[in-house]
Amino acid sequence: MAGPGRGPQLRRHGAAGRRLHRRHDRPRRPGRIPPAVRRASQNIMNLFQHFRAELIQIIDDLCRSGALPADLDTARVAVEPPRDPGHGDMATNAAMVLAKAAGARPRDLAETLAAGLRGLDAIREVEVAGPGFINMRLGDSFWRDRLREILAAGRAYGESGLGAGQAVNVEFVSANPTGPMHVGHGRGAVVGDALASLLAKAGFLVTREYYINDAGAQVEALARSLHLRYREALGEAVGEFPDGLYPGDYLVAPARALAEADGDAWLGRDEGDWLEPFRAYAVAAMMDLIRDDLAALGVTFDRFSSERALVQAGGVDAALAELQDRGLIYDGVLEPPKGKTPEDWEPRQQTLFRATDFGDDVDRPVRKSDGSWTYFATDMAYHLDKFRRGYATMIDVWGADHGGYVKRMAAAVKALTEGRGELDVKLCQMVNLLDGGAPVKMSKRAGTFVTLRDVIDQVGKDVVRFIMLTRKNDAHLDFDLKAVTEQSRENPVFYVQYAHARICSVMRHAADAFPDADLSPDALAAAPLDRLADPAELALVRTMAGWPRLVESAAEAHEPHRVAYFLDEVATQFHMLWNKGKDDASLRFIALEDRDLTLARLALIQATAFVLASGLDVFGVQPVEELR
RNA sequence: GGCCCCGUAGCUCAGUCGGAUAGAGCAACAGAUUCCUAAUCUGUAGGUCGCAGGUUCGAAUCCUGCCGGGGUCACCA
């Protein structure tokens with residue numbers, strides 16, 4: 001279990017941070033950075049955050065000068081993109097939020113604040129609208145600076161210091177080691193992995209962790225199943241598998257290997273002799289299987305934690321003893337569930353945790369009648385272990401069928417960490433596997449069960465990953481094997497990849513057309529970007545400049561799916577531009593007779609490729625340079 | 001029956017710690033291809049945000065109660 005001392009800092013601090021920069025930032029020679037790039041690289045990043053700070057400064061000044069009451073609470077002041085782009089680039093609710101405390105009418109206060117905002121260089125236009133919104137428009141040069149910023153950052157664009165190095169533990173998959181992964185596990189794997197990447201991009205120190213449920217009855221059943229397969233491998237006819245065992249053929253190969261290695265050494269002996277070694281052998285084999293599936297999906301973990309090891313090291317006894325000392329464990333009899341009482345329900349004396357003191361509906365048993373711990377008890381100890389390893393923030397990604405378990409786990413974390421730990425459980429809803437609109441019929445018995453690996457092999461890991469992230473985790477997801485590989489607008493994977501590939505294609509053509517030109521990002525950043533004059537061109541820059549903010553808000557909300565919608569939006573605007581060039585040749589990216597204009601437009605699309613790649617990186621999807 | 005999640009255009013879904021006239025894709029209809037990949041794009045049309053109350057300057061968003069769908073319900077993990 002919890003090996004001591006391997007804190008997240010050790011593993012992540014240098015490694016992840018540096019790797020990110022090595023990979024994304026091409027080395028630059030300081031002497032050759034164009035002045036324009038240096039200006040832009042004063043890193044405004046989240047521009048809304050930037051202007052919020054400016055606005056707060058203006059408000060503070062007004063407070064100091066007596067124009068506004070001292071100690072105005074500005075916590076609710078927001079600077080955001082307006083819903084309606086017609087309202088400008090940014091809007092703030094400041095006047096409406098502060099009006100009451102300032103003793104002024106919203107519109108009057110808005111005019112006062114607007115006057116201050118007009119003094120800022122980057123802002124071209126300020127107007128008061130509606131009930132007291134202040135709408136702002138930024139100057140074109142501001143947007144061109146953002147473009148240079150993107151070119152300087154490359155695929156690293158969007159990285160943020162929001163997390164400030166705070167350690168976060170993301171536990172996901174944690175599938176029972178009793179067989180290969182199914183499609184539902186795959187969703188949890190992708191959501192957890194992408195969420196972890198997103199948090200890392202937002203400046204958190206993330207650890208990806210897998211909890212191996214290798215204690216309890218299910219892995220004993222696995223051991224017995226392996227023993228049957230082992231006897232079979234030695235020539236015995238074993239017939240039908242009894243209920244509760246695992247009849248899948250994935251145990252055949254491990255059993256053969258065991259028969260090969262040990263011969264008939266385990267035949268004719270008591271279960272007590274072979275159960276434990278068979279369990280260990282079977283779990284190891286299944287974890288190899290699962291690790292293979294995960295590798296095929298491109299998911300790797302920083303740590304695997306074993307439930308059995310945790311129990312054996314006394315972690316559960318220690319955690320429970322602590323709760324016992326605080327009077328949170330008692331022996332008692334639960335009431336039957338309200339409404340529907342199970343038929344076999346009977347009053348039973350149990351060892352219970354006072355979950356109701358921490359927001360749960362009933363107290364929860366921690367010990368089985370045979371004296372061993374319940375799953376809940378070990379899970380409590382496991383979460384305490386994570387907390388003690390330095391993770392005040394813990395995220396668990398579970399299947400929706402575990403929804404009934406969330407409250408008690410939250411209660412346990414509250415109790416064990418005395419309120420200092422925070423647990424967010426992301427429940428992943430079911431995946432409906434379809435093929436051309438028709439549900440894929442699956443039956444373990446008939447051998448038509450479709451595993452995650454089958455799907456990856458059929459459509460590719462990048463497609464699986466992207467599609468799994470096109471819905472929020474708590475919504476059902478239709479996964480149509482046919483639709484996800486179609487090359488059309490309604491397939492978001494294709495649509496986004498197509499945009500990236502098109503850009504790469506243009507860059508290749510440009511290199512042919514201007515063989516002597518330096519088309520590196522640094523050089524493009526020095527292009528005369530004021531040649532970008534079409535509204536659609538600047539609109540694309542605006543959208544891309546929203547990426548840092550999106551990274552931060554999606555990371556804070558723990559919602560990686562938002563990235564998919566952002567990518568779709570960037571791709572849409574790019575394809576739009578491309579097609580304007582179809583209608584009007586003067587808008588094509590490559591203008592043979594106008595080198596400066598070409599360079600400016602290449603700067604725009606190179607930045608677009610970076611932003612697309614930056615987002616796809618979060619998803620663990622490889623941006624393609626060519627389709628087909 | 002208790003608890004949790006979901007309910008937004010004909011369909012599939014977005015909707016930012018409460019913001020202005022609720023968005024996109026598909027399907028429908030009308031268009032664009034001597035051209036950097038038309039595998040794309042332009043335009044039109046389409047909604048009582050499940051229902052009813054409440055909170056406030058302001059609600060798809062927060063609260064309460066219903067309706068509909070799914071999940072789950074004491075020694076399974």
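In the text below, chain A, chain B and the rest are named by the order of the sequence lines, each starting its count at 1.
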Does any N or O donor sit under 3.5 Å from an N or O acceptor when you compare the side chain of Arg83(A) with the base of U21(B)? no

Does Arg502(A) make a side-chain N or O approach to OP1 or OP2 of A38(B) shorter than 4.0 Å? yes

Under 4.0 Å, heavy atoms only, any strand: does Phe376(A) hit a base, just the sugar-phosphate, or nothing? nothing

Using a 4.0 Å heavy-atom cut-off across all strands, classify Lys407(A) as base, sugar-phosphate, or nothing. sugar-phosphate

Determine, for Glu171(A) against Lys386(A), whether the closest basic-nitrogen to carboxylate-oxygen distance falls under 4.0 angstrom. yes

Stepwise, does the side-chain contact (heavy atoms from CB on, under 4.5 Å) test hold for His500(A) with Val570(A)? CA-CA 10 Å; His500(A) 190 270; Val570(A) 172; over 6 Å; no

Would you indicate, yes or no, if A77(B) has its OP1 or OP2 atom less than 4.0 angstrom from a side-chain nitrogen or oxygen of Lys368(A)? yes

Quick one: closest heavy-atom pair of Pro365(A) and Phe376(A), and the distance? O-CD2, 3.9 Å

His87(A) on top of A20(B)'s base, within under 5.5 Å and under 30°? yes

Between Ser553(A) (side chain) and Arg549(A) (backbone), is there a donor-acceptor pair under 3.5 Å? yes

Selected nucleotide, minimal atom distance to Ala475(A) side chain, candidates U40(B), A14(B), A74(B): A14(B)

OP1, OP2 of C17(B) versus side-chain N and O of Arg76(A): anything below 4.0 Å? no

Taking atom types as they are modelled, is there a donor-acceptor pair under 3.5 Å from the base of A20(B) to the side chain of Asn135(A)? yes

Would you say Tyr565(A) places a side-chain N or O within less than 4.0 Å of OP1 or OP2 belonging to U12(B)? no

Would you kindly give the CG-to-P distance between Asp424(A) and C5(B), to the nearest whole Å? 12 Å

Would you indicate, yes or no, if U37(B) has its OP1 or OP2 atom less than 4.0 angstrom from a side-chain nitrogen or oxygen of His509(A)? yes

Could you tell me whether the phosphate oxygens of C13(B), OP1 or OP2, come under 4.0 Å of any side-chain nitrogen or oxygen in Lys472(A)? no

Whole-Å distance between A20(B) C1' and Glu80(A) CD? 12 Å

Is there a side-chain polar atom (N or O) of His561(A) under 4.0 Å from OP1 or OP2 of G15(B)? yes

Within the structure shown, what part of the strands sits under 4.0 Å from Ala510(A) by heavy-atom distance: base, sugar-phosphate, or nothing? nothing

Arg408(A) has an atom CZ; how far is it from atom C1' of G2(B), in whole Å? 13 Å

Please walk me through it: do Phe353(A) and Arg408(A) pass side-chain contact (heavy atoms from CB on, under 4.5 Å)? CA-CA 10 Å; Phe353(A) 162 62; Arg408(A) 85 184 66 168; over 6 Å; no

Nearest-Å distance for atom pair NE2/P, residues His402(A) and G70(B): 21 Å

Atom CG of Asp84(A) and atom C1' of A22(B) are separated, to the nearest Å, by 11 Å

Grab the CD-C1' distance between Glu626(A) and U37(B) for me, whole Å please. 10 Å

Against the side chain of Phe589(A), the closest entry in G19(B), C36(B), A77(B) is C36(B)

Rounding to an integer number of Å, can you tell me how far Met430(A) CE sits from C4(B) C1'? 16 Å

Step through the shown structure and confirm whether more than 12 heavy atoms of other residues, nucleotides or ligands are within 6.0 Å of CD on Glu335(A). no

Taking 4.0 Å as the cut-off, does a side-chain nitrogen or oxygen of Lys582(A) come that near to OP1 or OP2 on A38(B)? yes

So if I take every side-chain heavy atom of Pro82(A) and compare against U16(B), A20(B), A74(B), which nucleotide ends up nearest? A20(B)

Taken to the nearest whole Å, CZ/Arg107(A) to C1'/A20(B) is 12 Å

Are Lys100(A) and C57(B) close enough that a side-chain N or O sits under 4.0 Å from OP1 or OP2? yes

Would you say A38(B) has OP1 or OP2 under 4.0 Å from some side-chain N or O of Trp578(A)? yes

